[in-house]
Amino acid sequence: MYDRENRYRMEDTMNAGRLEYTENGITHVAARRCDVVRISMSGAVLLFLTKVDLPRQFYLDIPDARITKIGSVLMKNYANNTAEIRFLRLLTQKELDRIFVFSTHPAHRDRVLDVRSW
């Protein structure tokens with residue numbers, strides 16, 4: 001499935017993120033904080049403060065941009081506390097613009113949010 005989809009260009013960003021996933025089947029929901037350092041319509045690269053053993057599937061929330069419950073799949077876990085993930089659905093351009101508006105990365109300093117579109 002993932003080898004046939006289009007590749008979208010990743011852009012640098014710096015947003016706070018939160019992962020939600022179940023541990024021990026359905027009995028316990030865990031949450032971990034992370035930073036979204038690169039993002040595209042189809043995936044992202046996440047940075048963690050400590051080593052985290054992520055499950056294969058989880059939800060990504062970007063609270064500043066008010067984007068919740070993005071279904072995600074772990075593609076690769078790197079040794080430097082980063083992980084590459086793929087989204088189960090493509091993000092819309094409006095969602096990406098909203099993420100970039102709330103980004104603290106210098107490349108997105110002059111982005112503004114068009115409130116008429118929301």
Side-chain angles (χ1 to χ4, degrees):
M1 173 176 144
Y2 293 107
D3 58 343
R4 292 185 187 158
E5 73 179 9
N6 292 333
R7 292 285 185 186
Y8 295 96
R9 189 175 67 85
M10 290 258 192
E11 288 191 53
D12 290 336
T13 186
M14 184 53 74
N15 294 83
R18 190 169 146 247
L19 299 179
E20 289 182 358
Y21 54 91
T22 57
E23 288 181 339
N24 302 330
I26 309 174
T27 59
H28 182 258
V29 175
R32 299 284 183 259
R33 295 183 64 167
C34 64
D35 289 325
V36 181
V37 293
R38 294 180 60 86
I39 195 164
S40 72
M41 292 176 102
S42 62
V45 175
L46 308 177
L47 174 67
F48 298 94
L49 291 177
T50 61
K51 176 138 176 63
V52 177
D53 291 327
L54 293 176
R56 183 85 173 124
Q57 297 178 359
F58 50 86
Y59 290 106
L60 173 67
D61 295 337
I62 303 175
D64 293 341
R66 294 187 183 139
I67 298 174
T68 60
K69 302 281 187 189
I70 304 169
S72 304
V73 175
L74 178 66
M75 296 302 284
K76 191 163 185 178
N77 209 352
Y78 296 102
N80 60 351
N81 297 338
T82 59
E84 183 178 350
I85 65 169
R86 295 300 251 174
F87 302 137
L88 295 178
R89 68 169 176 89
L90 292 178
L91 294 181
T92 64
Q93 190 59 45
K94 285 183 181 180
E95 288 173 323
L96 277 179
D97 290 341
R98 191 167 180 86
I99 290 168
F100 293 144
V101 163
F102 290 100
S103 172
T104 58
H105 194 275
H108 305 295
R109 184 181 350 202
D110 298 328
R111 296 255 184 150
V112 293
L113 183 63
D114 184 11
V115 293
R116 293 174 293 184
S117 67
W118 283 87

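Everything numeric here is computed off the predicted structure, so don't read it as measured data.
Hydrophobic clustering (ILVMFWY, side-chain heavy atoms < 4.5 Å, transitive): Phe87 and Ile67 are in one cluster. Val52 and Phe58 fall within a single hydrophobic cluster, where Ile, Leu, Val, Met, Phe, Trp and Tyr are joined by side-chain heavy atoms under 4.5 Å apart, directly or via other members. Leu90 is not connected to Met10 by any chain of hydrophobic side-chain contacts under 4.5 Å among Ile, Leu, Val, Met, Phe, Trp and Tyr, and they are in different clusters. Under the 4.5 Å side-chain contact rule for hydrophobic residues, Tyr8 and Val45 do not share a cluster. Phe48 and Ile39 fall within a single hydrophobic cluster, where Ile, Leu, Val, Met, Phe, Trp and Tyr side chains are chained together by heavy-atom contacts under 4.5 Å.
With rounding to the nearest 0.5 angstrom, the CG atom of Leu91 is 8.5 Å from the CG atom of Leu60. Annotation: the span from Ile62 atom CD1 to Glu95 atom CD amounts to 9.0 Å, rounded to 0.5 Å. Taken to the nearest 0.5 Å, the CG atom of Asn80 stands 10.5 Å off from the NZ atom of Lys51. We find the CD-CZ distance between Glu11 and Phe100 to be 4.0 Å, quoted to the nearest 0.5 Å. If you take OG1 on Thr13 and CG on Leu96, they are separated by 9.5 Å, rounding to the nearest 0.5 Å. Atoms CZ and CG, on Arg38 and Leu46 in that order, are 12.5 Å from each other to the nearest 0.5 Å.
For the pairing with Asp61, the salt bridge (charged side-chain N to carboxylate O under 4.0 Å, His left out) check across Arg32, Lys69, Arg18 returns one residue only, Arg18.
Listed here is the closest heavy atom pair of Ser103 and His105: OG-N, 3.1 Å. A pairwise comparison of heavy atoms in Pro55 and Leu74 identifies O-CB, 3.8 Å as the closest pair. Counting all heavy atoms, side chain and backbone alike, Glu84 lies closest to Tyr78 at OE1-OH, 3.2 Å. Closest heavy-atom contact between Asp35 and Ala16: OD1-CA, 4.1 Å. What you find for Gly17 and Pro63 is that their closest heavy atoms are CA-CD, 4.3 Å. In terms of heavy atoms, Gln57 sits closest to Tyr21 at O-CB, 4.1 Å.
Heavy atoms of other residues, nucleotides or ligands lying less than 6.0 angstrom from OH of Tyr59 number 12 at most. The local environment of CZ in Arg89 is crowded, with over 12 non-hydrogen atoms from other residues, nucleotides or ligands closer than 6.0 Å.
At least one donor-acceptor pair closer than 3.5 Å links the side chain of Asn15 to the backbone N or O of Ile99. Between the side chain of Arg98 and the backbone N or O of Ala65 there is at least one donor-acceptor pair closer than 3.5 Å. Of the possible polar contacts, none joining the Ser42 side chain to the Ser40 backbone as a donor-acceptor pair under 3.5 Å is found.
Looking at heavy atoms from C-beta onward, Thr82 lies out of side-chain contact with Val37 at the 4.5 angstrom threshold.
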